[in-house]
Amino acid sequence: MEQHKAWLFKAENDLKSAKKLMEGNAPVPDTAIYHAQQCAEKALKAYLSFKQRPAQWTHDVAYLVELCSEIDGSFNQLLDDAKILTPYSTAFRYPDIILEPDLEDVFEAIDRAAKVLSFSKAMIG
């Protein structure tokens, strides 16, 4: 499988996981929001891979959007989404003062991740 397709496969599975974790009467918001962030991160890495750019081992979605924007400026429209998603790579993953995100934030993160994935797939063609 081509590298960019593998990244997309993983991004799609992260989005499916995020949605599945929020179904039913026992949602798992802390893990779901993490998978939303991972979806966006991997979708952008798919585009960079498609454009044969070196792999960036970062969880900073905003930085990945900036790298994609250097290739195609239309990625700039994802910057606000990226800034919101980036902290979810580590937030809520470890015991802290706030153990879980608000449900509204999780659903927003899932929507934003889906937007980044859809946009990235469209740019890959």
Side-chain angles (χ1 to χ4, degrees):
M1 177 180 285
E2 294 173 83
Q3 189 68 29
H4 72 279
K5 290 180 181 176
W7 279 114
L8 285 175
F9 175 81
K10 289 301 204 175
E12 289 169 349
N13 279 349
D14 276 314
L15 184 61
K16 288 178 197 173
S17 295
K19 290 178 178 180
K20 191 74 159 165
L21 287 164
M22 294 306 293
E23 290 177 357
N25 295 328
V28 187
D30 59 331
T31 307
I33 206 164
Y34 167 74
H35 281 290
Q37 183 278 339
Q38 285 290 291
C39 168
E41 176 184 325
K42 291 170 185 167
L44 294 166
K45 289 178 179 182
Y47 177 76
L48 291 170
S49 176
F50 177 71
K51 290 297 187 176
Q52 300 179 340
R53 296 296 169 103
Q56 298 294 319
W57 298 108
T58 180
H59 298 298
D60 188 336
V61 182
Y63 175 64
L64 293 169
V65 165
E66 290 172 13
L67 292 176
C68 292
S69 294
E70 290 174 5
I71 301 166
D72 188 314
S74 62
F75 273 90
N76 279 324
Q77 66 186 285
L78 301 176
L79 198 52
D80 288 341
D81 301 301
K83 287 178 181 177
I84 287 170
L85 290 168
T86 292
Y88 300 142
S89 66
T90 55
F92 312 111
R93 297 217 39 224
Y94 305 99
D96 206 344
I97 295 169
I98 301 173
L99 293 178
E100 292 189 330
D102 293 332
L103 295 182
E104 182 180 305
D105 292 339
V106 179
F107 289 114
E108 178 188 11
I110 290 170
D111 289 344
R112 288 177 183 273
K115 176 182 171 186
V116 172
L117 175 59
S118 178
F119 186 87
S120 298
K121 286 172 70 173
M123 295 303 288
I124 290 170

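Worth knowing before you read on, the calculation uses all heavy atoms, side chains too, and leaves out hydrogens, waters and symmetry mates. One-based numbering along the sequence shown.
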Discussion item. Do Phe119 and Ser74 make a side-chain contact, defined as non-hydrogen atoms from C-beta onward lying under 4.5 Å apart?
Written reply: yes

Worksheet entry | Leu79 reachable from Val116 in the ILVMFWY side-chain graph, under 4.5 Å edges | yes

Item to complete: Please round to the nearest 0.5 Å and tell me the distance separating atom CG of Asp96 and atom OG1 of Thr90.
Response: 9.5 Å

Discussion item. Minimum heavy-atom separation for Glu41 and Thr58, please, with both atom names.
Written reply: OE2-O, 3.2 Å

Worksheet item: Once you round to the nearest 0.5 Å, how far does CG of Leu117 lie from CD1 of Ile110?
Response: 13.0 Å

Item to complete: Examine distances only and state if a side-chain atom of Ser89 and a backbone atom of Thr86 form a donor-acceptor pair shorter than 3.5 Å.
Response: yes

Worksheet item: Out of curiosity, Glu66 CD to Leu78 CG, how far, rounded to the nearest 0.5 Å?
Response: 12.0 Å

Discussion item. How close do Leu85 and Gln37 get, counting heavy atoms only, and between which atoms?
Written reply: O-CG, 3.1 Å

Worksheet item: Are Ile33 and Tyr94 grouped together when hydrophobic residues (ILVMFWY) are joined by side-chain heavy atoms under 4.5 angstrom apart?
Response: no

Worksheet item: Going through the checks in order, is the side chain to side chain contact (heavy atoms under 4.5 Å, CB included) test met by Leu44 and Val65?
Response: CA-CA 7 Å; Leu44 294 166; Val65 165; 3.6 Å; yes

Item to complete: Quick one: pull up CH2 in Trp7 and OG in Ser49 and give me the separation to the nearest 0.5 Å.
Response: 8.0 Å

Item to complete: Evaluate the criterion side chain to side chain contact (heavy atoms under 4.5 Å, CB included) for residue pair Asp30 and Tyr34; output intermediate values, then yes/no.
Response: CA-CA 7 Å; Asp30 59 331; Tyr34 167 74; over 6 Å; no

Item to complete: Quick one: pull up NE2 in His35 and NZ in Lys42 and give me the separation to the nearest 0.5 Å.
Response: 8.0 Å

Practice prompt. Give a yes or no on whether Phe107 and Leu21 share a hydrophobic cluster (residues Ile, Leu, Val, Met, Phe, Trp, Tyr; joining criterion: side-chain heavy atoms under 4.5 Å apart).
Written response: no

Discussion item. As a quick check of understanding, evaluate side chain to side chain contact (heavy atoms under 4.5 Å, CB included) for Leu48 and Ile71, giving each step before the final call.
Written reply: CA-CA 9 Å; Leu48 291 170; Ile71 301 166; 3.9 Å; yes

Practice prompt. Might you point out which heavy atoms bring Val61 and Ala40 nearest each other, and give the distance in Å?
Written response: CG1-CB, 4.2 Å

Practice prompt. Show the numbers, then the answer: is there a side chain to side chain contact (heavy atoms under 4.5 Å, CB included) between Lys10 and Lys45?
Written response: CA-CA 11 Å; Lys10 289 301 204 175; Lys45 289 178 179 182; over 6 Å; no

Response to the item:
Smallest heavy-atom separation, Pro29 atom then Met22 atom, equals CA-SD, 3.7 Å

Worksheet entry | Closest approach of Met123 to Phe50 (non-hydrogen atoms, all atoms of both residues) | O-CE2, 4.5 Å

Fill in: N/O donor-acceptor pair under 3.5 Å between Ser120 side chain and Tyr47 backbone
no

Discussion item. Please determine whether residues Ile98 and Tyr88 belong to a single hydrophobic cluster, defined as Ile, Leu, Val, Met, Phe, Trp and Tyr linked transitively by side-chain heavy-atom distances below 4.5 Å.
Written reply: yes

Response to the item:
For Ala43 and Ala11, the nearest pair of non-hydrogen atoms, with its separation, is N-CB, 3.7 Å

Item to complete: Can you measure from CD (Gln56) to OH (Tyr63) and round to the nearest 0.5 angstrom?
Response: 4.5 Å

Fill in: Lys/Arg-Asp/Glu bridge criterion (N-O < 4.0 Å) met for Lys19, Glu23
no

